Number of protein chains: 2
Amino acid sequence: MARRSDHTREELHRLALDAARKITEKDGLRGLKARQIVRDIGYTIGTLYNLFDDLDDLVLQMNGETLDALYEACSSAPMDKDPERNLRALASSYLQFTRTHPKLWNAIFEHKLPNNREMPAWFLDKVARLLLLEEKALAPLFPDGQETQCQHHARVLWTSLFGMASVESADRLPEDETAESLVASLIQIYVAGLRQKAGVPA
Amino acid sequence: MARRSDHTREELHRLALDAARKITEKDGLRGLKARQIVRDIGYTIGTLYNLFDDLDDLVLQMNGETLDALYEACSSAPMDKDPERNLRALASSYLQFTRTHPKLWNAIFEHKLPNNREMPAWFLDKVARLLLLEEKALAPLFPDGQETQCQHHARVLWTSLFGMASVESADRLPEDETAESLVASLIQIYVAGLRQKAGVPA
DNA sequence: AAATTATATTGACCAGTGATCAATTGCAAG
DNA sequence: CTTGCAATTGATCACTGGTCAATATAATTT
């Protein structure tokens, strides 16, 4: 009962996170237990705590990987000079991800550190990185020198998109409404409003 | 060690929910423990389970009361014929509440029932009721017969507002941005877009 | 007033949780 | 071959949500 050399430390790390992801995708963050993870990978509880500080650390890393996957999915959205099309493509990729992995995506926001501890910087960076995509999508609408304006409106659209995905994932949308229909209106109307403000009627 | 008749069943129910609310406001849903509740109200664990099915039941009722309080706060927002002013007033009341009781408000969405059980109807009704306020605020913009349109756009604005409050409450807004600044833009630009679509330039 | 019924309340108890750590073992370097 | 290092174990701890037989009191019946 000691070094088994079945897996390297890195392999074990991977195994544990993969197992945690599978459990979370099925049962949600609430169903994720340390002992279930080690049962699934054929190790014991002590080994898990040799790899991670605690369960919060493990969940944080799992959520970090989810953010990476989400970023990759959103990066694949095509971007050109038409902001509306950019925003629609980005939102579509985003929503496709949140629908394919609803509980995994939810875990990102459900997970709160105890004692009001703040999330580590590397995690916040992964969150912030996503917002840059929205900014990039919206950029064609703003002339040089208005980057601050562009950033502000990207934040408006991004937090709104988050709200819609969130409400949909909580099954709190009526039958005749989807996150897509809400986002479609948001983008269409909001961009029309922005164009008008800039003195460029559609 | 039996019937104490210090409190009626209703009073105990109230005491327990009040204690739970105080704990949640301070430590969040994660810090809410059955034994802490009964310690605070001077009873024992068995009594709590005589009053509630389980902790999920208690949390659900606590969240229901939070939704009631939020509804009351939002109802006080003045409504007239100016949709922008209506929406701003409503959003302001909403954000004031979420800032005064961030952890209590968060508990509404953090709380997930086990085994994918769905929320009871009376709870969903309390959620849906709030949306009607947004509809009422937006209504002056739409002529009779366009209630469906009004409802749709109210949903867009409502889910967006939720997203902004949510991101702010998770402390994921940069220093130079607040939920208020985001909401202000959302309302201004979106309503401008809606007016333009209807052929009524601002 | 006495006996009976009903129920509010207790707290020991259970299974399960996250986390710790001395002991054990196998690997690798000297 | 010996030594030292570190991976792995599982007993152990404090705590959790939840159950339930026992009990003491209030309410009701006789």
Side-chain angles (χ1 to χ4, degrees), chain A residues 1-17 19-24 26-63 107 110-117, chain B residues 1-17 19-24 26-63 107 110-117:
Chain A
M1 44 190 80
R3 187 173 305 207
R4 284 167 30 178
S5 72
D6 298 357
H7 306 94
T8 67
R9 190 177 179 82
E10 287 68 33
E11 284 170 340
L12 262 176
H13 198 262
R14 192 89 300 279
L15 281 174
L17 285 177
R21 203 183 57 241
K22 274 174 195 151
I23 295 168
T24 305
K26 193 160 80 73
D27 303 326
L29 203 51
R30 187 171 171 155
L32 181 65
K33 314 286 178 185
R35 279 167 176 79
Q36 188 59 53
I37 296 174
V38 295
R39 224 173 288 144
D40 290 355
I41 66 177
Y43 280 80
T44 54
I45 189 70
T47 293
L48 193 70
Y49 284 91
N50 177 266
L51 293 167
F52 301 91
D53 295 342
D54 47 37
L55 259 204
D56 284 312
D57 178 28
L58 184 148
V59 172
L60 215 52
Q61 298 196 34
M62 179 183 74
N63 287 343
E110 280 175 35
H111 181 234
K112 298 274 156 63
L113 292 178
N115 282 88
N116 297 321
R117 259 175 52 210
Chain B
M1 44 188 80
R3 185 175 307 205
R4 283 166 30 177
S5 71
D6 299 356
H7 305 95
T8 67
R9 189 177 178 82
E10 287 68 33
E11 284 170 340
L12 262 176
H13 197 261
R14 192 86 302 277
L15 282 174
L17 285 177
R21 203 184 56 242
K22 274 173 195 150
I23 295 168
T24 305
K26 193 159 81 71
D27 303 325
L29 203 51
R30 185 170 173 157
L32 181 65
K33 314 287 179 183
R35 278 164 178 79
Q36 187 59 53
I37 296 174
V38 296
R39 225 172 288 144
D40 289 355
I41 66 177
Y43 280 79
T44 53
I45 189 70
T47 293
L48 193 71
Y49 285 91
N50 177 267
L51 293 167
F52 301 90
D53 295 342
D54 48 36
L55 260 204
D56 284 313
D57 179 27
L58 184 149
V59 171
L60 216 51
Q61 297 195 35
M62 179 184 75
N63 287 344
E110 281 175 34
H111 182 233
K112 298 273 157 64
L113 293 177
N115 284 88
N116 297 320
R117 261 174 52 211

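Throughout, protein chains are lettered first and strands after them, A, B, ... in sequence-line order, and every chain is numbered starting at 1. Owing to the predicted nature of the structure, the values given are computational and were not obtained by experimental measurement.
A distance-only check finds no donor-acceptor pair linking the side chain of B:Asn115 to the backbone of B:Arg117 [under 3.5 Å].
Summarising the local packing, NZ of A:Lys22 is surrounded by 12 or fewer heavy atoms from other residues, nucleotides or ligands at distances under 6.0 Å.
Summarising the geometry, the separation between CG on A:Leu48 and P on C:dG18 is reported as 9 Å, rounded to the nearest angstrom. Across the protein-nucleic acid pair, A:Leu15 atom CG and D:dA7 atom C1' stand 15 Å apart, rounded to whole Å. To the nearest angstrom, C1' of C:dT17 lies 13 Å from CZ of A:Arg30. Rounded to whole Å, the distance from CD1 on A:Ile37 to C1' on C:dT17 is 13 Å. Put simply, CG on B:Asp57 is 13 Å from C1' on D:dG18, counting in whole angstrom units. Between B:Leu51 atom CG and D:dG18 atom C1' the separation is 15 Å, expressed in whole Å. The CD atom of A:Gln36 sits 8 Å away from the P atom of C:dT17 (whole-angstrom rounding). Straight-line distance from the CG atom of A:Leu12 to the C1' atom of D:dA6: 13 Å, rounded to whole Å.
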Could you write out each protein N or O paired with an N or O of nucleotides 15-17 of chain D at a distance under 3.5 Å?
unit_1, atom_1, unit_2, atom_2, d
D:dG17, OP1, B:Ala34, N, 3.3
D:dG17, OP2, B:Ala34, N, 3.2
D:dG17, N7, B:Arg35, NH1, 2.5
D:dG17, N7, B:Arg35, NH2, 3.4
D:dG17, O6, B:Arg35, NH2, 3.2

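Nearest nucleotide to the B:Tyr43 side chain, out of C:dA8, D:dT8, C:dT9: C:dT9.
Looking at heavy atoms from C-beta onward, A:Leu58 lies in side-chain contact with A:Ile37 at the 4.5 angstrom threshold. No side-chain heavy atom of A:Arg9 sits under 4.5 Å from any side-chain heavy atom of A:His13. The shortest side-chain heavy-atom distance between B:Asp27 and B:Leu32 does not fall under the 4.5 Å cut-off.
The line from OG1 of B:Thr8 to CZ of B:Arg14 is 11.5 Å long, rounded to the nearest 0.5 Å.
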